[in-house]
Peer 1: 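Please find one structure pasted underneath; my questions will follow.
In what follows, chains carry the letters A, B, and so on, assigned in the order in which the sequence lines appear, proteins first and then strands, with residues in each chain numbered from 1. Quick note: numbers below take in every heavy atom, side chains included, and nothing from hydrogens, waters or symmetry partners. Just so we're clear, the structure is a prediction, and the values are computed from it rather than from any experiment.
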Protein chains: 2
Amino acid sequence: MPNKNRCLTPATDEECRRARLSLQDTLDVVGGKWKLVLISILRGGKLKFRELSREAGISPRILSKELKEMEINGLVTRTVLDTRPIMVEYELTPYSNTLSEVIIAMHEWGKKHRQKMIGQKS
Amino acid sequence: MPNKNRCLTPATDEECRRARLSLQDTLDVVGGKWKLVLISILRGGKLKFRELSREAGISPRILSKELKEMEINGLVTRTVLDTRPIMVEYELTPYSNTLSEVIIAMHEWGKKHRQKMIGQKS
DNA sequence: GATACCAGTTACAAAAAGGATACTATGCCA
DNA sequence: TGGCATAGTATCCTTTTTGTAACTGGTATC
């Protein structure tokens with residue numbers, strides 16, 4: 001029996017609207033081209049600004065902007081090291097681990113999708 | 001003992017690179033402002049062009065473009081109904097269900113993140 | 001014939017994102 | 001003093017994305 005409202009999991013239109021808002025909240029925080037990629041990279045351990053820039057292939061200007069936003073949202077910490085020359089380490093916060101499921105789900109899907117695409121070629 | 005490579009789950013740098021590529025593949029297909037939102041809406045059942053436009057609050061121009069890309073990627077089907085005036089229904093494909101985990105993970109995270117943000121206000 | 005509905009498209013404008021390059025400031029080393 | 005490395009910033013420009021408004025074409029209705 002088909003359901004009248006616009007969602008499967010939620011029971012009411014109101015819950016449905018809220019579910020969509022949640023999705024959009026997530027997209028506001030980790031949407032865009034870089035944030036999830038940066039988190040994915042940092043899951044391997046803290047990195048310095050330059051290293052991160054090289055690793056991700058992202059220009060310093062954009063990287064700086066992304067990291068600031070991620071710091072505001074509590075996803076990374078910024079630590080200035082007392083070295084010469086000064087270096088800055090970026091590290092994921094424990095809170096960022098709550099995104100694991102999202103990232104892993106996207107890893108998995110991308111892998112399967114690529115296999116599907118390759119299969120279709122022949 | 002800290003690991004030398006840049007990932008936790010994968011064992012080698014090569015696997016790590018591939019994991020990141022998978023993530024980026026996924027972002028290529030469902031990244032951007034609208035695609036996951038549209039899928040989320042369509043999970044409640046097929047909708048006509050206008051309905052979808054109103055429901056998502058997206059202009060016809062963008063909606064048309066997004067739907068074309070999603071059709072190419074095998075995520076939605078487009079069916080012209082023989083009605084006056086002609087209407088077109090968009091429906092998720094079975095393949096799009098493979099994105100469930102991604103969407104649900106993002107729903108959940110957005111919900112929790114919002115609660116965290118509200119908690120921090122006080 | 002005027003009006004209204006549907007599914008889009010077209011043309012134009014605005015905004016956001018991204019990239020390249022050069023630059024600041026600090027301090028080491030030779 | 002000059003050269004190098006670090007972490008960014010500043011400036012300029014191009015590309016991409018998004019939005020608005022008007023419009024096409026087909027059909028029904030008043």
Peer 1: Does B:Lys68 make a side-chain N or O approach to OP1 or OP2 of C:dT9 shorter than 4.0 Å?
Peer 2: yes
Peer 1: Please state whether the base of D:dA5 and the side chain of A:Arg50 form at least one donor-acceptor pair under 3.5 Å?
Peer 2: no
Peer 1: Rounded to the nearest angstrom, tell me the gap between atom CG in B:Leu47 and atom C1' in C:dA7.
Peer 2: 15 Å
Peer 1: Is A:Lys35 salt-bridged to A:Glu69, cutoff N-O under 4.0 Å?
Peer 2: yes
Peer 1: In whole Å, what is the span from the CG atom of B:Asp82 to the P atom of C:dA7?
Peer 2: 14 Å
Peer 1: Does A:Ser64 put a side-chain nitrogen or oxygen below 4.0 Å from OP1 or OP2 of D:dA7?
Peer 2: no
Peer 1: Should B:Leu81 and B:Leu52 be counted in the same cluster of Ile, Leu, Val, Met, Phe, Trp and Tyr side chains packed under 4.5 Å apart?
Peer 2: no
Peer 1: Provide, to the nearest angstrom, the distance between the CE atom belonging to A:Met87 and the P atom belonging to D:dG8.
Peer 2: 12 Å
Peer 1: Rounded to whole angstroms, how far apart are NZ on A:Lys48 and P on D:dA5?
Peer 2: 16 Å
Peer 1: Rounding to a whole Å, what distance do you find between A:Leu38:CG and C:dG18:P?
Peer 2: 11 Å
Peer 1: Are A:Glu51 and A:Lys46 ion-paired here, with the side-chain N under 4.0 Å from a carboxylate O?
Peer 2: no
Peer 1: Give the rounded distance in Å between these two atoms: CG of B:Leu81 and P of C:dC5.
Peer 2: 19 Å
Peer 1: Could you check if a side-chain atom of A:Leu75 sits within less than 4.5 angstrom of a side-chain atom of A:Ile39, using non-hydrogen atoms only?
Peer 2: yes
Peer 1: What is the distance, to the nearest angstrom, from the NZ atom on B:Lys46 to the P atom on C:dA7?
Peer 2: 14 Å
Peer 1: Hydrophobic cluster membership, with links at side-chain heavy-atom distances under 4.5 Å among I/L/V/M/F/W/Y: are A:Met117 and B:Leu21 in one?
Peer 2: no
Peer 1: What one-letter contact string describes nucleotides 12-29 of chain D from 5' to 3', where B marks a base within less than 4.0 Å of any protein heavy atom, S marks contact via sugar-phosphate atoms alone, and - marks no contact?
Peer 2: ------BBB-----BSS-
Peer 1: Kindly say whether A:Ala19 contributes a backbone atom to a donor-acceptor pair with the side chain of B:His107 at under 3.5 angstrom?
Peer 2: yes
Peer 1: Can you tell me how far C1' of C:dA7 sits from CZ of B:Arg54, to the nearest Å?
Peer 2: 12 Å
Peer 1: Measuring only between side-chain heavy atoms, which start at C-beta, is B:Val88 closer than 4.5 Å to B:Arg78?
Peer 2: yes
